[in-house]
2 protein chains.
Amino acid sequence: MNKEFYKLKTEIIKALANPTRLMIIDCLRNGEKTVSEIVEITGEEQSNVSKSLGILKSNGLIKDRKIGLNVFYSLKCGCLDDFFNCFDNVISENLKYQQELLDSYKGVK
Amino acid sequence: MNKEFYKLKTEIIKALANPTRLMIIDCLRNGEKTVSEIVEITGEEQSNVSKSLGILKSNGLIKDRKIGLNVFYSLKCGCLDDFFNCFDNVISENLKYQQELLDSYKGVK
DNA sequence: TTACTATATTGCAATTTTATCATATAGTAA
DNA sequence: TTACTATATGATAAAATTGCAATATAGTAA
C-alpha cells in the first residue's frame, strides 16, 4: 500500500475534522455566505472563522470571490452532502447500539 | 448552531483522519480481515494497527468477531465507499487546478 | 503445568492542533 | 490625507495525537 497517497487523503479529511470547520461547511450548504455572516451564524471568533476558511480553501473544499470589502465563500464540492449523510448514519447507528445496550442491561436487572 | 452536535460528528471524522486508519478502512473494503493480515497488508506496527482498529471500532466504523486466537474485522458502514470517492474527487480537482496554474505560468514566460 | 501465538494495552517523548489575543492588510468613504 | 470596516495573519500556551517500544492478556497445544 502506498502510504503517501493515504497521507494526501488524510490532509483533506483533517480539514473537516474540526467542529468549527464542520459548522462552516454545513452553513455553506444552503448557499454562498460572507465571512461576517458565517461568524454570526456559527458564533465563533472572527479570527477562528477566517483561519478555518483558509484551511478549507487550501484543501480545495470551498472557494471564494471578493466584492469590495466582502469575501463570499461557497462549497466547491457537491459530494460533501453524501459525506454529511454518511456520518449522520454512523452517529444514529451508534446511538441505536448504545440504546440496545441500555435496554439489555435493564432487562437483566 | 448546536456546537455539541458538530463535536460529536468531528469525533467520527477524526477517527478517519489518519493514514494508518485510512489504509485499514481501505483494505477492509474487499472483505473481512484478521489483525495480522492487516498488519501485513499495511506494513504498520502491530501495536499501531491494534490501536487504530480500536479507534475505528469505538467510533462505530468497523466491527469485529473473535474466532480462537484470531479477531476478524470488517466494515460496518457501506457509505464509506461514497466517502472515499468524494475525497478522490477533491484530490483530482486540486491536482487539476495546480496543473492549470502551472500551465498559465508557462504561458506567461 | 509450560511454551507459543494473536492481539491488546501502557508509557512516553515528539509532534501537531487548538483557540485566543493582538495586530496587519485591503478596500471604502469623507 | 484620516477614519472606518471586513477580513487575514502572527505569536503563543494549552491540549490532543502520534508512533514506537515494552509489556500484558487470552486462547491453543503439548
Side-chain angles (χ1 to χ4, degrees), chain A residues 1-25 27-28 32-74, chain B residues 1-25 27-28 32-74:
Chain A
M1 289 185 114
N2 177 4
K3 191 162 183 179
E4 289 309 310
F5 172 68
Y6 290 95
K7 280 187 186 167
L8 200 60
K9 219 167 193 170
T10 299
E11 287 311 303
I12 297 171
I13 300 174
K14 274 186 184 170
L16 290 164
N18 170 281
T20 302
R21 299 195 292 268
L22 269 195
M23 282 196 286
I24 291 175
I25 292 286
C27 91
L28 291 180
E32 192 181 54
K33 303 240 177 342
T34 66
V35 178
S36 30
E37 285 172 328
I38 299 170
V39 167
E40 203 196 333
I41 294 171
T42 61
E44 293 294 308
E45 290 226 347
Q46 183 270 325
S47 67
N48 271 353
V49 169
S50 202
K51 220 177 281 181
S52 296
L53 287 165
I55 292 171
L56 291 170
K57 184 187 166 191
S58 69
N59 282 280
L61 296 167
I62 63 178
K63 61 190 177 192
D64 62 345
R65 62 191 185 102
K66 191 164 189 173
I67 298 183
L69 273 177
N70 295 296
V71 182
F72 291 82
Y73 282 92
S74 56
Chain B
M1 290 185 112
N2 177 3
K3 191 161 183 182
E4 288 310 309
F5 173 68
Y6 290 95
K7 280 187 186 166
L8 200 60
K9 220 165 193 172
T10 298
E11 287 311 302
I12 297 173
I13 299 174
K14 274 187 184 169
L16 291 163
N18 170 279
T20 302
R21 298 196 291 267
L22 269 194
M23 283 197 285
I24 292 176
I25 292 285
C27 91
L28 291 181
E32 192 181 55
K33 305 242 175 340
T34 67
V35 178
S36 32
E37 286 172 327
I38 298 170
V39 167
E40 203 194 334
I41 295 172
T42 61
E44 293 294 309
E45 291 230 343
Q46 183 270 324
S47 66
N48 275 352
V49 169
S50 201
K51 214 181 286 183
S52 296
L53 288 166
I55 292 170
L56 291 170
K57 185 186 167 193
S58 69
N59 281 281
L61 295 166
I62 62 177
K63 61 189 178 193
D64 62 345
R65 61 192 186 103
K66 192 163 190 174
I67 297 182
L69 273 178
N70 296 295
V71 181
F72 291 83
Y73 282 92
S74 56

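Given the structure is predicted, the values throughout are model-derived calculations rather than measurements. Naming: A, B, ... by sequence-line order, numbering from 1 per chain.
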How long is the straight-line distance from [atom2] of [Y] back to [atom1] of [X], given to the nearest 0.5 Å?
{"X": "A:K51", "Y": "A:S47", "atom1": "NZ", "atom2": "OG", "result": "5.5 Å"}
{"X": "B:I55", "Y": "B:N18", "atom1": "CD1", "atom2": "CG", "result": "7.5 Å"}
{"X": "A:R65", "Y": "A:S74", "atom1": "CZ", "atom2": "OG", "result": "7.5 Å"}
{"X": "B:L61", "Y": "B:L16", "atom1": "CG", "atom2": "CG", "result": "5.0 Å"}
{"X": "B:L28", "Y": "B:I38", "atom1": "CG", "atom2": "CD1", "result": "4.5 Å"}

Between [N] atom [atom2] and [X] atom [atom1], what is the distance in whole Å?
{"X": "B:I62", "N": "C:dA8", "atom1": "CD1", "atom2": "C1'", "value": "13 Å"}
{"X": "B:Q46", "N": "C:dA8", "atom1": "CD", "atom2": "P", "value": "8 Å"}
{"X": "A:N48", "N": "C:dT20", "atom1": "CG", "atom2": "C1'", "value": "7 Å"}
{"X": "B:D64", "N": "C:dT7", "atom1": "CG", "atom2": "P", "value": "11 Å"}
{"X": "B:I55", "N": "C:dT10", "atom1": "CD1", "atom2": "P", "value": "13 Å"}
{"X": "B:E40", "N": "C:dT7", "atom1": "CD", "atom2": "P", "value": "12 Å"}

Shortest non-hydrogen separation from [X] to [Y] and the atoms involved:
{"X": "B:M1", "Y": "A:M23", "answer": "CE-O, 3.4 Å"}
{"X": "B:T10", "Y": "A:P19", "answer": "OG1-N, 3.2 Å"}
{"X": "B:K3", "Y": "A:T20", "answer": "NZ-OG1, 4.0 Å"}
{"X": "A:N59", "Y": "A:E11", "answer": "OD1-O, 3.6 Å"}

Heavy-atom nearest nucleotide on DNA chain C for A:I67 versus A:P19: which residue maps closer to 5'? A:P19

Wobble G-U and Watson-Crick pairs count when both distances are under 3.5 Å; given that, what is the 5' to 3' dot-bracket string of DNA chain D, with | for pairing to other strands? ||||||||||||||||||||||||||||||

Could you tell me whether the side chain of B:E32 reaches within less than 4.5 Å of the side chain of B:Y73, counting heavy atoms only? no

Most 5' of A:N70 and B:L69 on DNA chain D, judged by nearest nucleotide: A:N70

Looking at B:K51 and C:dT7, is any side-chain donor or acceptor paired with a base atom of the opposite kind under 3.5 Å? no

Using chain A heavy atoms and a threshold of under 4.0 Å, write down where along DNA chain D the contacts begin and end, 5' to 3'. D:dT5 to D:dA11

Set out, in order, the CA-CA distance, both residues' side-chain angles and the distance that settles side chain to side chain contact (heavy atoms under 4.5 Å, CB included) for A:F72 and A:D64, then state yes or no. CA-CA 5 Å; A:F72 291 82; A:D64 62 345; over 6 Å; no

Which is true for [X] with a 4.0 Å heavy-atom rule: it touches a base, it touches only sugar-phosphate, or it touches nothing?
{"X": "A:S47", "result": "base"}
{"X": "B:S50", "result": "base"}
{"X": "A:Y73", "result": "sugar-phosphate"}
{"X": "B:E44", "result": "nothing"}

Expected rows: protein N/O vs nucleotides 13-16 of chain C N/O, under 3.5 Å:
none

Short side-chain N/O contact from A:N18 to OP1 or OP2 of C:dT17, under 4.0 Å: no

Is it true that a side-chain atom of B:R21 and a backbone atom of B:A15 form a donor plus acceptor pair closer than 3.5 Å? yes

